[in-house]
Colleague: 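Can you read through this structure? Questions will come right after.
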Amino acid sequence: MSHHIVHVKNLQHVYPDQTVALQEVSFLIHHGESVGIIGANGAGKSTLLLHLNGYLAATSGEIIIGDDTLSKETLPEIRRTVGMVFQDPEDQLFMPTVFDDVAFGPLNMGLSHEEIEARVTEALERVDAEELRNKPPYHLSGGEKKRVAIATVLSMLPEILVLDEPTNGLDPHARRQLIALLQAFHHTRIVTSHDLDMILELCDRTIVLHEGLVMADGPTMEIFGNDELLKTCRLEKPFAMQSCPVCSPGKQTSPKQPPLVAPHSSKPHDHHHDH
Amino acid sequence: MLSIDGSFLDFKQLDLLALRQTPVHRLDPRAKVLTTLCFIVCVVSFDRYQISAMLPFMIYPAVLMAVGDLPFGYILRKIIIVIPFALLIGLFNPVFDRQVLMQIGSLDIWGGWISCFSILIRAILTASAAIILVAITGFPAICEALEKLKMPQTFAVQLLFLYRYIFVLTDEGVRTARARQLRTFGNRGLGIRHFGSLVGHLLLRTWERAERIHMAMLARGFTGEVHSSRRPSHFGRTEVLFMAGWITLFILLRLFNAPQFLGGLFTGTMP
């Protein structure tokens, strides 16, 4: 069980209405890697994710998770191995209370009551949501919902975590909290997002999708350094990598915009950045 | 006027009430469900001109509210929401049923008025019993109890999902309605035609959401059966006593008109 690889081979997906969502996608992700999948709207990110735990069936090509090729027989095992956190936590939290929700997966696995209790407690502690266990999901805030949604898959002890837009709709504080949480995990992580700053912090490797093709696959820093690639794929450098509008107003991405602080201001300003 | 928005938000309060710990909260949900069911059957089975015999049934909601430490004003507001529907049903009784049943001075009281009033009392009694049941048990526990009482699981799960997503759906509906309202400038918009597509959109959105939820369930190993995570509750002596006591009282009150009987004791004339 040591080599939890995700191997996607020549994956193609054509929707019933003949829309080609994925033309040809291949990549290999090793155990413990943290990989960002980025791309413009409609690049095929969501379609790709839905293949990873067998919700959509490939038109052609294959997916290997660990030792198993994805098929009807291996589906239950693969769904346990790949923990999928959906974009809208509202869809993921469907049980009456947080406890029931986190216990849903383990219950389907047929575990005993004691074991379920232990797993739920552990998963909730992991995401720092112990005190929410008896609350109904609609009493939670956005950030709490997101963390509980992650706990619902953690309780199944997955080896691979797939997260679709995890920071979507979170306030800066909740977003920070979530990034710190995800950084602490040792699972293989596959994250899609438009929040490129988060990808920069969380993922060492990035795969760029464009119109159903892999345009680039490599170290995150390298990819975000390639202006031309980002432009073709309708992406933009993370803010952390763009020049600061205060200290270097000349090198801004949009030069017509006036600097926020006059450069010849008499008093030197206190300002920090931590990139 | 109560907005739909507000009254639904208020239902969350009902959930919080169910988390309290009082003797009635601790009872096995099955006992409470069955007792309430029996209460409702007794109340609705009265003759349509009956009023006085139903009044003593008030004791059941009153006692539960007191023991369960429920806020009277809140429960009352919930009941008031139901009353217009009951009134609508009884509205035409006074028009069609003009048989004179009673005279107060020179005022004739038609049967229609009495039956209308009777419907109103029934509505208050049954609605209060149902709302109190939810407030002292919690909706999920009621579904579980119904399942243990051999209701097919599919229905129980349907009910649970209804309860879980009704807030999400009303939210969506309210947002859509607000978006429409903001762009019609106080007019009726394009009237009923527009409304059709609005409702249609809501349906499609609901459909999509259902698909996503199903996806999330499959991703966590759902195979068609929802397992219960609660430890088995205990149907013990307290539950038996609770049920036996109340049901005996209901049957007695149903068979004998208590107010008339008491009145008879004082005036000495038996009916």
Side-chain angles (χ1 to χ4, degrees), chain A residues 46 49-50 52-56 75-114 116-117 119-120 133-140 145 149 152-156 158 162 164, chain B residues 8-21 29 134 137-144 147 156-172 205-232:
Chain A
S46 306
L49 288 197
L50 292 181
L52 291 183
N53 76 347
Y55 190 76
L56 287 179
L75 204 56
E77 178 57 22
I78 284 180
R79 285 192 170 148
R80 197 198 62 76
T81 317
V82 181
M84 184 83 94
V85 180
F86 290 88
Q87 193 179 123
D88 186 354
E90 206 78 76
D91 298 334
Q92 188 137 13
L93 307 176
F94 44 77
M95 295 296 277
T97 66
V98 168
F99 179 90
D100 290 319
D101 237 309
V102 181
F104 185 83
L107 274 166
N108 285 329
M109 292 159 67
L111 301 177
S112 69
H113 272 293
E114 287 69 37
I116 286 167
E117 183 72 38
R119 284 214 182 177
V120 172
R133 67 190 280 139
N134 290 321
K135 281 199 173 180
Y138 40 80
H139 283 246
L140 309 181
K145 275 184 195 159
T152 63
V153 298
L154 286 185
S155 63
M156 301 197 299
V162 177
D164 190 6
Chain B
F8 268 106
L9 279 178
D10 228 17
F11 269 108
K12 297 182 179 177
Q13 175 85 25
L14 210 53
D15 270 354
L16 293 179
L17 289 178
L19 288 177
R20 290 191 183 179
Q21 288 292 334
V134 178
T137 316
F139 200 78
I142 293 176
C143 290
E144 206 174 319
E147 206 185 312
V157 174
Q158 289 281 319
L159 276 176
L160 271 184
F161 273 61
L162 176 74
Y163 192 67
R164 166 68 183 88
Y165 284 101
I166 195 142
F167 303 119
V168 178
L169 291 181
T170 39
D171 258 10
E172 243 166 51
R205 284 230 289 266
T206 313
W207 193 293
E208 277 174 2
R209 185 178 290 281
E211 238 170 28
R212 291 198 305 269
I213 295 165
H214 186 225
M215 210 144 71
M217 293 175 81
L218 286 179
R220 287 195 270 152
F222 177 68
T223 48
E225 204 179 325
V226 177
H227 305 269
S228 161
S229 62
R230 258 165 271 267
R231 278 157 199 285

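We use all heavy atoms of the structure for the numbers below, so side chains are in, but hydrogens, waters and symmetry mates are not. Computed from a predicted model, the values in this text were never measured in an experiment. Here is the naming used below: chain letters follow the sequence lines, and residue numbers restart at 1 for every chain.
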Colleague: Rounded to the nearest 0.5 Å, what separation is found between the CD atom of B/Glu211 and the CG atom of A/Asp91?
Modeller: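 That separation rounds to 11.0 Å.
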
Colleague: Does any backbone or side-chain atom of A/Leu50 lie under 4.5 Å from a heavy atom of chain B? Answer side chain, backbone, both or neither.
Modeller: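 Contact with chain B is through the side chain of A/Leu50 alone.
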
Colleague: Tell me, please, which residues at least two apart from A/Asn108 pass side-chain hydrogen bond (donor to acceptor under 3.5 Å, both in side chains).
Modeller: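 By the side-chain hydrogen bond (donor to acceptor under 3.5 Å, both in side chains) rule, A/Asn108 matches no residue at all.
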
Colleague: Report which part of A/Pro136 has an atom under 4.5 Å of a heavy atom belonging to chain B: side chain, backbone, both, or neither.
Modeller: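 Contact with chain B: side chain only.
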
Colleague: What is the minimum heavy-atom distance between B/Ala219 and A/Phe86, and which atoms define it?
Modeller: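 Closest heavy-atom pair between B/Ala219 and A/Phe86: CB-CE1, 4.2 Å.
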
Colleague: In terms of heavy-atom pairs under 4.5 Å, which option from A/Leu75, A/Leu93, A/Val82 contacts chain B the most?
Modeller: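 Maximum pair count with chain B is reached by A/Leu93.
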
Colleague: Examine whether an atom of A/Tyr138 lies under 4.5 Å from a heavy atom of chain B, and if so say whether it belongs to the side chain, the backbone or both; otherwise answer neither.
Modeller: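 For A/Tyr138, the contact with chain B is made by backbone and side chain together.
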
Colleague: Does the plane of the ring in B/Phe222 sit parallel, tilted or perpendicular to the ring in A/Phe104? Use 30° and 60° as the thresholds.
Modeller: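 The rings of B/Phe222 and A/Phe104 lie parallel, inter-plane angle below 30°.
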
Colleague: Which bit of A/Phe94 comes within less than 4.5 Å of chain B, counting heavy atoms only: side chain, backbone, both or neither?
Modeller: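 Both backbone and side chain.
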
Colleague: Who wins among B/Leu19, B/Val157, B/Ile213, B/Val168 for the most heavy-atom pairs under 4.5 Å with chain A?
Modeller: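 Heavy-atom pairs under 4.5 Å are most numerous for B/Ile213.
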
Colleague: Going by ring pair (Phe, Tyr, Trp, His ring centres under 6.0 Å), name the residues that satisfy it together with B/Phe139, two or more places apart in sequence or in a different chain.
Modeller: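 Scan of B/Phe139 (ring pair (Phe, Tyr, Trp, His ring centres under 6.0 Å), adjacent residues dropped) gives B/Tyr163.
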
Colleague: Go through it in stages, so that I can follow the logic: the residues are B/Arg212 and A/Glu90, the test is side-chain contact (heavy atoms from CB on, under 4.5 Å), and I'd like the CA-CA distance, side-chain angles, deciding distance and then a yes or no.
Modeller: CA-CA 10 Å; B/Arg212 291 198 305 269; A/Glu90 206 78 76; over 6 Å; no

Colleague: Out of A/Met84, A/Lys135, A/His139, A/Gln87, which one racks up the most heavy-atom pairs below 4.5 Å with chain B?
Modeller: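 The residue among A/Met84, A/Lys135, A/His139, A/Gln87 with the greatest pair count is A/His139.
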
Colleague: What closest approach, in Å, do A/Met95 and B/Arg164 show between heavy atoms, and which atom pair accounts for it?
Modeller: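 For A/Met95 versus B/Arg164, the nearest heavy atoms are O-CD, 4.0 Å.
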
Colleague: Of the backbone (N, CA, C, O) and the side chain (C-beta and beyond), which part of B/Leu160 lies under 4.5 Å from a heavy atom of chain A, both, or neither?
Modeller: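 When you check distances to chain A, only side chain atoms of B/Leu160 fall under 4.5 Å.
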
Colleague: Where do A/Asp88 and B/Arg209 land on the side-chain contact (heavy atoms from CB on, under 4.5 Å) test, with the steps shown first?
Modeller: CA-CA 10 Å; A/Asp88 186 354; B/Arg209 185 178 290 281; 3.5 Å; yes

Colleague: Measure distances from A/Thr152 to the heavy atoms of chain B and classify the residue's part below 4.5 Å as side chain, backbone, both or neither.
Modeller: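 Looking at A/Thr152, backbone and side chain both touch chain B.
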
Colleague: Checking A/Met109 against chain B: side chain, backbone, both or neither under 4.5 Å from a heavy atom?
Modeller: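 Contact with chain B is absent: no heavy atom of A/Met109 under 4.5 Å.
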
